[in-house]
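Everything on this sheet refers to the single structure shown next.
Side chains included, hydrogens not; waters and symmetry mates left out as well; all remaining heavy atoms used. We number each residue from 1, following the sequence as shown.
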Amino acid sequence: MAAASVSPTPLLKDELDIVIPTIRNLDFLEMWRPFLQPYHLIIVQDGDPDKEIKVPEGFDYELYNRNDINKILGPKASCISFKDSACRCFGYMVSKKKYIFTIDDDCFVAKDPSGKEIDALAQHIKNLLCPSTPFFFNTLYEPYREGADFVRGYPFSLREGVPTAVSHGLWLNIPDYDAPTQLVKPLERNKRYVDAVLTIPKGTLFPMCGMNLAFDRELIGPAMYFGLMGDGQPIGRYDDMWAGWCTKVICDHMGWGIKTGLPYIWHSKASNPFVNLKKEYKGIYWQEEIIPFFQTATLSKECDTVQKCYIELSKQVKDKLGNIDPYFTKLAEAMVTWIEAWDELNPSTGTKLPNGTA
């Protein structure tokens, strides 16, 4: 008689939280049930805290609204954005797991070119558990993948790779465009599936999208602050960009890697480009000075933890970007508050540089 089949234990089941920011019922989880149900969800409710958010049955979750954030953080709750998906970073702070996967509620399961549904979380986990190669680019992209390797001329001393801090996934259907591009290309859809993962080279910034993202919370969590956006702030839709720029500078300093490419999700709806333009227009103007700032930012050798890196970066933001607009002085102060709140809730975190790094 054949042995009864036993379902394999999901990868990192007890080591990973899924963080979802939302203002609506989470019906989208039904499509994700085969892939996400085994994992614990942290839902951060934005907007009206009195509104009831319904979660499909069978999911293990905790839900935080603005009242909960204020109660847990007290005066430090000022660093958590309101009426903006940037509130998701509160979920990173209260998690006690090693890894985080965050996804938006308008993202659905995509299919690969063969028609097979993509388990985005499994691919993110594969990315995070595999080394990165930020110090020398491999022209076959991911050298650790089956059917690939390091190409001729790749230094043997670098082939061991370094820890992967972030896995940045992409999107089919609605691209992650800014408002001006949305306005001139309203009907454009991304139908191209590129079966590749690559490490973003050291010294190179990238635009990080928070709708399909995973990271090693123990390594880089304190840098994953999505800034001050939304209600009461002069800017929106730059929360994940800000976190991505800060994270990349710190990963470069600490000697860690960031991967981008697979997995894809299906981004189901485009936000209103006119509303987006109102949120983005100062960011579009400011980024021409913000990006050169991050391109030239350096951190001292004394910065041997992410928290120290982030505090030093906050001082540079205040000194070098504060003259653009008072908002950046306020943001720099919020960066410090974020780290203080993080350390209160996570007193034992603080990964140090390995000997000989940076």
Side-chain angles (χ1 to χ4, degrees), residues 79 81 84 86 89 92 132 134-135 137 162 164-168 176-178 198-210 213 215-216 219-229 233-260 279-339 342 351 353 357-358:
C79 72
S81 300
D84 193 279
C89 61
Y92 310 158
S132 287
F135 305 118
F137 189 79
V162 299
T164 299
V166 181
S167 170
H168 178 258
D176 185 33
Y177 284 159
D178 53 39
L198 64 152
T199 298
I200 301 170
K202 182 180 180 180
T204 302
L205 295 176
F206 75 111
M208 189 175 83
C209 174
L213 182 73
F215 58 93
D216 186 326
L219 271 187
I220 200 64
M224 277 289 176
Y225 176 46
F226 277 46
L228 279 180
M229 304 282 156
Q233 310 303 334
I235 184 176
R237 285 173 57 82
Y238 271 83
D239 51 319
D240 42 8
M241 298 294 124
W242 184 262
W245 296 328
C246 292
T247 295
K248 188 60 168 64
V249 168
I250 292 172
C251 281
D252 284 354
H253 174 77
M254 298 291 276
W256 302 329
I258 296 177
K259 291 179 183 285
T260 188
K279 294 178 180 179
E280 288 177 2
Y281 79 95
K282 285 196 173 182
I284 293 170
Y285 176 68
W286 287 341
Q287 74 182 16
E288 300 309 315
E289 294 186 63
I290 298 172
I291 292 172
F293 161 75
F294 281 109
Q295 286 175 324
T296 56
T298 57
L299 299 168
S300 66
K301 290 184 177 180
E302 288 71 35
C303 294
D304 60 356
T305 69
V306 172
Q307 283 93 326
K308 290 179 183 178
C309 290
Y310 205 70
I311 292 297
E312 184 164 306
L313 199 54
S314 75
K315 293 175 182 176
Q316 295 181 26
V317 168
K318 187 174 184 178
D319 292 343
K320 297 183 179 180
L321 297 180
N323 62 336
I324 297 175
D325 191 274
Y327 165 74
F328 289 99
T329 300
K330 185 179 180 182
L331 176 56
E333 292 168 353
M335 291 168 72
V336 175
T337 302
W338 159 264
I339 292 296
W342 181 282
T351 303
L353 279 164
T357 305

Exercise. Would you please indicate yes or no on a ring centroid separation below 6.0 angstrom for Phe215 and Tyr92?
Key: yes

Show me, pair by pair, the donor-acceptor contacts under 3.5 angstrom made by side chains of residues 282-289, not counting sequence neighbours?
unit_1 : atom_1 : unit_2 : atom_2 : d
Gln287 : OE1    : Tyr238 : OH     : 2.7

Considering all heavy atoms of both residues, which atom of [X] and which atom of [Y] are nearest to each other, and what is their separation?
X      : Y      : answer
Trp338 : Cys89  : CH2-O, 3.3 Å
Ala297 : Leu313 : CB-CD1, 4.3 Å
His253 : Leu299 : CE1-O, 3.5 Å
Cys303 : Met254 : O-SD, 4.2 Å
Val336 : Ser314 : CG2-OG, 3.5 Å
Val306 : Ala223 : CG1-N, 3.7 Å

Quiz item: Which residues satisfy the salt bridge (charged side-chain N to carboxylate O under 4.0 Å, His left out) test with Asp216, sequence neighbours excluded?
Solution: Lys98

Quiz item: Among all residues two or more places apart in sequence or in another chain, which pass the salt bridge (charged side-chain N to carboxylate O under 4.0 Å, His left out) test with Glu280?
Solution: Arg237

Donor-acceptor list for residues 315-325 side chains, cut-off 3.5 Å, not counting sequence neighbours:
unit_1 : atom_1 : unit_2 : atom_2 : d
Gln316 : NE2    : Thr298 : O      : 3.0
Asp325 : OD1    : Tyr327 : N      : 2.9

Quiz item: Who passes ring-ring contact (aromatic ring centres under 6.0 Å, His included) against Phe137, sequence neighbours left out?
Solution: none

[X]: which residues meet the side chain to side chain contact (heavy atoms under 4.5 Å, CB included) condition with it, sequence neighbours left out?
X      : answer
Ser132 : Pro134, Val162, Thr164, Thr199, Lys259
Ile339 : Pro222, Gln307, Tyr310, Ile311, Asp343
Ser81  : Asp84, Ala86, Met229

Qualifying residues under side chain to side chain donor-acceptor pair (under 3.5 Å), relative to [X], sequence neighbours excluded:
X      : result
Asp176 : none
Thr329 : none
Thr337 : none

Quiz item: Rounded to the nearest 0.5 Å, how far apart are OG of Ser300 and NZ of Lys308?
Solution: 9.0 Å

Quiz item: What distance separates Phe226 CZ from Leu228 CG, expressed to the nearest 0.5 Å?
Solution: 13.5 Å

Quiz item: Can you find a heavy atom in the side chain of Met208 that is under 4.5 Å from one in the side chain of Met224?
Solution: yes

In a table with atom names and distances, give each donor-acceptor pair under 3.5 Å that connects a side chain of residues 240-251 to protein atoms at least two apart or in another chain.
unit_1 : atom_1 : unit_2 : atom_2 : d
Asp240 : OD2    : Gly210 : N      : 2.9
Thr247 : OG1    : Ala243 : O      : 2.7
Lys248 : NZ     : Pro201 : O      : 2.8
Lys248 : NZ     : Thr204 : O      : 3.1
Lys248 : NZ     : Asp252 : OD1    : 2.8
Lys248 : NZ     : Asp252 : OD2    : 3.2

